[in-house]
Amino acid sequence: MKTGMLSVDEALALLLEGATPVAEVEQVATQAASGRVLAQAQQSALNVPSLDNTSMDGYAVHAADCASGEARLPVSQRIPAGSVPQPLARGTAARIFTGAPIPTGADAVVMQELCTQEGDAVLVKHRPEPGEWVRHVGEDIRAGSEILAAGRKLRPQDTGLAASVGIASLPLYRRLKVAVFYTGDELVMPGEPLPPGRIYNSNRFTLNGLLQQMGCEVSDYGIVPDQLEATRKVLREAAAEHDLIVTSGGVSVGEEDHVKPAVEAEGRLDMWKIAVKPGKPLAFGEVKAGTGHRAHFIGLPGNPVSSFVTFLVFVRPFILRCQGVVRAEPLNYGLRADFDWLKPDSRREFLRVKLNAGGGLDLFPNQSSAVLTSAVWADGLIDNPAKHAIRSGDMVKFLPFSELFQ
């Protein structure tokens, strides 16, 4: 077990080192593959486009026949998309529509706005260059080329690309199975009466939403009583059928914090103090079921913003690595801070900020780990180094939620 305060990078490296990618692969219809992780690289069996075709409605011509800039050409045929054209005789034009194949003998398309129909002929009022408005064979994709790399989390445009070359199904890693539960006798579910000293369980909704957004198969075990045996029982049940167990709360060393001894009794636990704000305590280990199956375990802090931020910073990349994703780090952007932050913490901070109309970032005034409204108001986080003051106009590292929520 690592001792002392870990940096964010040290803790993240240890987590990713312990991640076990799923091995099972299943063939899934391309239409249902968005959000899943590709297990094997995909190549195209054909050229795209498969024939020279037009990217514009107009007239297919031989460019040399229109050199005068006022060429009057008889229209010899009409070529809609999906048809097979006849060869184009020199000195004639073909009416053609977007996506239709270029006839043999033509080397350019003149857009219809530059032409005037005159009975069975067309007046071409333009000097086209060879290749104008022509999409050539293989211009987009060459047969045999790789179109999608293994370890890619597929987006809608990725599945569209696969479909465009005729791939009807894709080999995908199976979904990661994640169990989640929450500790604390003070927790109450929305819709129930709220006695004095109790709080509504917001983490249940936040963590479930984050896990589902990441494409996990989630089992929610609800609120577990602050009892050692109850906690051990849920851990054993969850470990039997899941790859990962995530909890919030109960990982400290108080008399009512039973997650730590329960995980140690059912498996192995590393408790880390991380130099991060919000956050700091994080538990990582594994739980062994009676069947011998082992599940990873990550215990998050109970404060709502701490739980939210530590999930994004630590659990998100861990899950991506277990899902088989090659690139787990989110993109970040250098943007201008339109505020002062003159009393930085000694720990690395993740500040809740919002994009403003001027292209800069505004800071939520209350950065407390208990203020969940800061995460709702914000568009993302500033990744601020330890002891680093920020002055209005400084460039900062911005992590948008659009990157962190996938």
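Quick note: residue numbers are just sequence positions, from 1.
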Under 6.0 Å between the ring centres of F401 and F308? yes
Do R352 and P278 come within less than 4.5 Å of each other through their side chains, counting heavy atoms only? yes
Does E132 form a side chain to side chain contact (heavy atoms under 4.5 Å, CB included) with H126? I'd like the steps, not just the answer. CA-CA 11 Å; E132 192 166 320; H126 177 64; 2.8 Å; yes
Salt bridge between E286 and R294, side-chain N to carboxylate O under 4.0 Å? yes
One should read off an interatomic distance between L73 CG and C66 SG, to the nearest 0.5 angstrom, of 5.0 Å
Atom CG of L12 and atom CG of L6: how far apart are they, to the nearest 0.5 Å? 11.5 Å
Measure up the F284 and W272 rings against each other and bin them: parallel (under 30°), tilted (30 to 60°), perpendicular (over 60°). tilted
Return the set of residues passing salt bridge (Lys or Arg N to Asp or Glu O under 4.0 Å) with R90 (not counting sequence neighbours), or none when no residue passes. D65
Less than 4.5 Å apart, side chain to side chain, heavy atoms only: is that true for V110 and W133? no
Is E26 salt-bridged to R36, going by a charged N under 4.0 Å from an acidic O? yes
Taking atom CD of Q86 as the centre, does the number of heavy atoms from other residues, nucleotides or ligands within less than 6.0 Å exceed 12? no
Rounded distance (nearest 0.5 Å) linking atom CG of D362 with atom CG of N356: 4.5 Å
Show your working on side chain to side chain contact (heavy atoms under 4.5 Å, CB included) between L381 and F398 and close with a plain yes or no. CA-CA 6 Å; L381 307 171; F398 176 60; over 6 Å; no
Checking E10 side chain against S7 main chain: does a donor-acceptor pair fall under 3.5 Å? yes
Salt bridge between R268 and E264, side-chain N to carboxylate O under 4.0 Å? no
R174 with E24: basic N within carboxylate O range, under 4.0 Å: yes
To the nearest 0.5 angstrom, please state how far the CG atom of L114 sits from the OH atom of Y59. 11.5 Å
Quick one: does any side-chain atom of E139 pair with a main-chain N or O of H136 as donor and acceptor, under 3.5 Å? yes
S76 side chain vs A94 backbone, donor-acceptor pair below 3.5 Å: no
Tell me whether S44 contacts the main-chain N or O of L46 through its side chain, where contact means a donor paired with an acceptor under 3.5 Å. yes
Taking R391 for the side chain and F339 for the main chain, is one N or O donor matched with an acceptor at less than 3.5 Å? no
Residue pair E217, L176: steps toward the side chain to side chain contact (heavy atoms under 4.5 Å, CB included) verdict: CA-CA 6 Å; E217 189 177 305; L176 196 72; over 6 Å; no
Take a 6.0 Å sphere around CG of D120 and say whether it holds more than 12 heavy atoms from other residues, nucleotides or ligands. no
For G191 versus Y200, what's the shortest heavy-atom pair and its separation? N-CE2, 4.4 Å
Quick check: closest heavy atoms across P304 and A370, and the distance to 0.1 Å? CG-O, 3.9 Å
Are D383 and N332 close enough that a side-chain donor and a side-chain acceptor fall under 3.5 Å? no
Heavy-atom distance under 4.5 Å between the side chains of L161 and V165, does that happen here? no
Residue of the set T206, V315, L300, V246 for which side-chain contact (heavy atoms from CB on, under 4.5 Å) holds with S307: L300
Hey, is the main chain of D107 close enough, under 3.5 Å, to the side chain of H62 for a donor-acceptor pair? no
Shortest non-hydrogen contact from A162 to I147? CA-CD1, 4.2 Å
Should the pair D220-R204 be classified as a salt bridge under the 4.0 Å nitrogen-to-oxygen rule? yes
Donor-acceptor side-chain pairing of T98 and D57 below 3.5 angstrom: yes
When every non-hydrogen atom of Y182 is compared with those of S248, the smallest separation belongs to CD2-OG, 3.5 Å
Any salt bridge linking D158 with K153? Criterion: basic side-chain nitrogen under 4.0 Å from a carboxylate oxygen. no
Taking everything shown except E241 itself, do over 12 heavy atoms lie less than 6.0 Å from its CD? no
Distance-only side-chain donor-acceptor flag, E349 / H388, under 3.5 Å: no
Could you tell me whether the side chain of R316 and the main chain of F405 form a donor-acceptor pair under 3.5 Å? no
Which distance, rounded to the nearest 0.5 Å, do you find between the CD1 of I167 and the OG of S169? 9.0 Å
Would you name the heavy atoms of E403 and R327 that are closest together and state the gap between them? OE1-NH2, 4.3 Å
Candidate pair I102 and T54, rule side chain to side chain contact (heavy atoms under 4.5 Å, CB included), full reasoning: CA-CA 6 Å; I102 302 294; T54 175; 4.0 Å; yes
Around atom NZ of K288, are there more than 12 heavy atoms of other residues, nucleotides or ligands at under 6.0 Å? no
Check each of I298, D270, V313 against L15 using the side-chain contact (heavy atoms from CB on, under 4.5 Å) test, and report the only one that passes. I298
Could you tell me if the side chain of F181 sits less than 4.5 Å from the side chain of L235, heavy atoms only? yes
Answer yes or no: is there an ion pair linking K233 with E229, defined by an N-O contact shorter than 4.0 Å? no
I'd like to know whether CD of Q157 has more than 12 heavy-atom contacts from other residues, nucleotides or ligands below 6.0 angstrom. yes
So, the side chain of D379 versus the backbone of L355: is there a donor-acceptor pair under 3.5 Å, distance only? yes
With side-chain hydrogen bond (donor to acceptor under 3.5 Å, both in side chains) as the criterion, how do K177 and S219 come out once you've worked through the C-alpha distance, each side chain's angles and the decisive distance to 0.1 Å? CA-CA 8 Å; K177 298 177 181 179; S219 300; over 6 Å; no
Looking only at heavy atoms, what is the nearest atom pair of T310 and P301, with distance? OG1-CD, 3.5 Å
Heavy-atom count check: over 12 atoms from other residues, nucleotides or ligands less than 6.0 Å from K354 NZ? yes
Just verifying a value: how many Å separate I382 CD1 and L399 CG, rounded to the nearest 0.5 Å? 9.5 Å
Would you say that I274 contacts K280 through its side chain, given a criterion of any heavy-atom pair below 4.5 Å between the two side chains? no
Is it true that, when you exclude E329 itself, more than 12 heavy atoms of the residues, nucleotides or ligands shown sit nearer than 6.0 Å to its CD? yes
Hydrogens and angles aside, do Q117 and R95 bring a side-chain donor and acceptor to less than 3.5 Å of each other? no
Tell me whether E192 at atom CD has more than 12 heavy atoms from other residues, nucleotides or ligands lying less than 6.0 Å away. yes
Would you find a donor on one side and an acceptor on the other, under 3.5 Å apart, between the side chain of N303 and the backbone of S306? no
Under 3.5 Å, side chain of N47 to main-chain N/O of A143, donor-acceptor pair present? yes
Candidate pair E266 and R236, rule salt bridge (charged side-chain N to carboxylate O under 4.0 Å, His left out), full reasoning: CA-CA 7 Å; E266 301 296 336; R236 288 193 299 270; 2.8 Å; yes
